[in-house]
Amino acid sequence: MTEQPARLDAACARRILLDEYGLSPARLTPAEGGTTGAAFCADGRYFLKLLDTGTAIGAQCAAPLENRLTVLKRLASSPPLAECVCAPLPTASGRLSFSRGNIAGALFPWVDGEAIGFGNPLTPREQRWLAAFSAALHSLDPAQFHSCCPAEDFSPAFAAALARQLSCGGFSEPFAEAAAPFAEEIVRRAAWLDGAAACLRRSPPAFVLCHTDLHGGNLLRGNGGRLFAVDWDSALLAPREADLFLFREEPFFPLFREPADAALLTYYQVRRDLEDLWEFGRALAEGRLSAAEAEAALSHTRRIAAQLCRIPL
């Protein structure tokens with residue numbers, strides 16, 4: 001029997017806050033950050049994240065939640081990074097997350113500010129902060145995260161699946177049309193990625209703790225000017241290039257005074273673009289997007305495919 005979707009509304013949030021945290025907020029308002037569930041701001045002091053584990057994506061996000069939050073807690077106790085992350089608040093039972101029926105989630109301190117966002121240039125001060133944050137993160141001893149953070153396995157199975165679907169017409173017509181001008185090059189880059197991944201599995205480089213998704217949407221600018229790195233759902237023990245590739249083509253990349261292997265930067269650039277295309281293709285084929293979301297996905301598909309095909313191999 002299929003589980004009914006959870007009602008992640010204000011009433012549900014109030015029950016969770018009282019039962020799990022002993023809190024009875026006077027004001028509870030919806031907040032951004034609920035793409036895989038729902039999120040609420042309580043009294044301008046707390047950020048509550050809720051996941052519906054009755055859905056595939058909710059269950060996928062909830063399964064590693066306690067471990068992901070353990071990473072954050074340990075980062076919050078590392079002096080160079082403590083002021084750059086939002087550590088989870090423990091439940092009444094001392095856990096970092098909660099699970100009730102098909103609802104799971106966590107509570108964080110509220111940060112009054114906004115995401116820097118896409119297309120919003122970092123100021124010179126923020127560029128320097130980001131480079132220093134990256135260096136501090138990558139200098140931590142990875143051994144302390146072995147028990148709570150997954151490690152890179154260099155197994156991009158989606159690349160072969162993407163190439164196969166493009167070659168045999170397995171995607172929906174709108175996606176296939178958007179990708180068609182680039183299809184041959186996409187298939188070539190998917191084959192290149194598989195070969196590069198095989199080499200990396202045989203001889204993996206040194207791993208450090210990486211965020212892996214430090215784009216503008218995950219950089220929060222507090223009203224007091226303090227900056228935060230948020231959304232650690234894809235934290236990984238991996239080569240530092242898993243973070244650095246995002247800034248390779250930025251004019252401020254020289255600020256990142258960390259050793260970086262050019263071939264690894266290319267690997268992660270190609271991997272990210274192929275994975276994004278695969279996810280857009282699947283979402284469109286499965287009808288998971290509204291008309292507006294589908295149009296945006298097709299626009300992103302054309303942009304990313306063109307960007308991918310410009311990467312020299």
Side-chain angles (χ1 to χ4, degrees), residues 6-53 58 61-62 64-117 120 122-123 125-126 129-130 133 136-137 148 211 213-235:
R7 291 196 57 172
L8 305 181
D9 55 13
C12 168
R14 286 189 180 280
R15 288 194 302 272
I16 294 288
L17 286 168
L18 181 60
D19 295 346
E20 299 291 341
Y21 299 95
L23 297 173
S24 298
R27 291 182 297 108
L28 192 66
T29 55
E32 292 184 8
T35 55
T36 56
F40 295 88
C41 172
D43 287 341
R45 297 180 59 197
Y46 304 105
F47 175 81
L48 178 66
K49 173 74 173 179
L50 301 177
L51 298 168
D52 180 359
T53 58
C61 291
L65 185 57
E66 189 74 11
N67 280 344
R68 299 294 194 192
L69 296 174
T70 300
V71 170
L72 266 179
K73 183 180 178 182
R74 292 180 184 174
L75 286 175
S77 64
S78 300
L81 299 164
E83 294 188 354
C84 307
V85 301
C86 297
L89 300 172
T91 65
S93 64
R95 288 178 57 82
L96 300 178
S97 64
F98 60 83
S99 179
R100 295 161 54 93
N102 61 335
I103 301 173
L107 186 69
F108 303 86
W110 176 260
V111 174
D112 202 11
E114 61 180 1
I116 291 174
N120 184 2
L122 295 166
T123 66
R125 182 183 74 84
E126 290 167 345
W129 174 88
L130 185 57
F133 173 84
L137 178 66
C148 58
H211 182 286
D213 206 20
L214 282 172
H215 57 67
N218 289 333
L219 298 175
L220 197 63
R221 181 186 287 138
N223 287 342
R226 184 172 157 195
L227 298 174
F228 299 84
V230 299
D231 193 357
W232 291 79
D233 288 353
S234 54

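In this text the structure is predicted, and so the values were computed from the model without any measurement.
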Looking at side-chain heavy atoms only, is the closest gap between Trp129 and Leu219 below 4.5 Å? yes
By side-chain hydrogen bond (donor to acceptor under 3.5 Å, both in side chains) - contacts of Thr91 (at least two apart): Ser93
Of all the heavy-atom pairs spanning Leu72 and Pro88, show the shortest one and how long it is. CB-CD, 3.9 Å
Ala82: side-chain contact (heavy atoms from CB on, under 4.5 Å) partners, not counting sequence neighbours: none
Trace of the side-chain contact (heavy atoms from CB on, under 4.5 Å) decision for Thr53 with Ser99: CA-CA 9 Å; Thr53 58; Ser99 179; 5.8 Å; no
Hey, what do you get for CG (Asn223) to CD (Glu114), rounding to the nearest 0.5 Å? 7.5 Å
My understanding is that only residues two or more places apart in sequence, or in another chain, count here; which of them pass side-chain contact (heavy atoms from CB on, under 4.5 Å) with Ala13? Leu28, Phe40, Leu48, Leu50
For Asp233, check side-chain hydrogen bond (donor to acceptor under 3.5 Å, both in side chains) against everything at least two apart and list the hits. none
Parallel, tilted or perpendicular, as decided by the 30° and 60° cut-offs, for the rings of His211 and Trp232: perpendicular
Please find the pair of heavy atoms, one from Trp110 and one from Gly44, that lie closest to each other, and give the distance. CD1-O, 3.4 Å
State, to 0.1 Å, how close Ala115 and Leu220 come at their nearest heavy-atom pair, and which atoms those are. N-CD1, 3.4 Å
Non-neighbouring partners of Asn67 that pass side-chain hydrogen bond (donor to acceptor under 3.5 Å, both in side chains), sequence neighbours left out: none
Ring pair (Phe, Tyr, Trp, His ring centres under 6.0 Å) with Tyr46: which residues, sequence neighbours excluded? none
Tell me the closest heavy-atom pair linking Phe47 and Ala31, and the distance in Å. CE1-CB, 4.1 Å
I'd like to check the salt bridge (Lys or Arg N to Asp or Glu O under 4.0 Å) partners of Asp213; sequence neighbours left out, ordered by chain and number. Arg272
Going by the rule salt bridge (Lys or Arg N to Asp or Glu O under 4.0 Å), which residues pair with Asp112 if we only count those two or more places apart in sequence or in a different chain? none
Find the distance between SG (Cys148) and NZ (Lys73) and round it off to the nearest 0.5 Å. 11.0 Å
Out of curiosity, Ser97 OG to Leu51 CG, how far, rounded to the nearest 0.5 Å? 9.5 Å
Quiz: residues 17-27 side-chain donor-acceptor pairs under 3.5 angstrom, not counting sequence neighbours:
unit_1: Asp19; atom_1: OD2; unit_2: Arg100; atom_2: NH1; d: 3.3
unit_1: Asp19; atom_1: OD2; unit_2: Arg100; atom_2: NH2; d: 3.1
unit_1: Tyr21; atom_1: OH; unit_2: Leu107; atom_2: N; d: 3.3

Can Arg45 and Asp43 be counted as an ion pair, charged N to O under 4.0 angstrom? no
Tell me every residue that passes side-chain contact (heavy atoms from CB on, under 4.5 Å) with Ala76, counting only those two or more places apart in sequence or in another chain. Val85, Ala87
Which residues pass the side-chain hydrogen bond (donor to acceptor under 3.5 Å, both in side chains) test with Arg221, sequence neighbours left out? Glu126
Enumerate the residue pairs fulfilling salt bridge (Lys or Arg N to Asp or Glu O under 4.0 Å) with a member in residues 78-95, sequence neighbours excluded, ordered by first and then second residue. Glu66-Arg95
Closest non-hydrogen contact found for Leu96 with Leu69 is O-CD1, 3.1 Å
Hey, does Leu227 have a side-chain heavy atom less than 4.5 Å from the side chain of Phe133? no
Closest non-hydrogen atom pair between Ala229 and Leu214, with its separation: CB-CD2, 4.0 Å
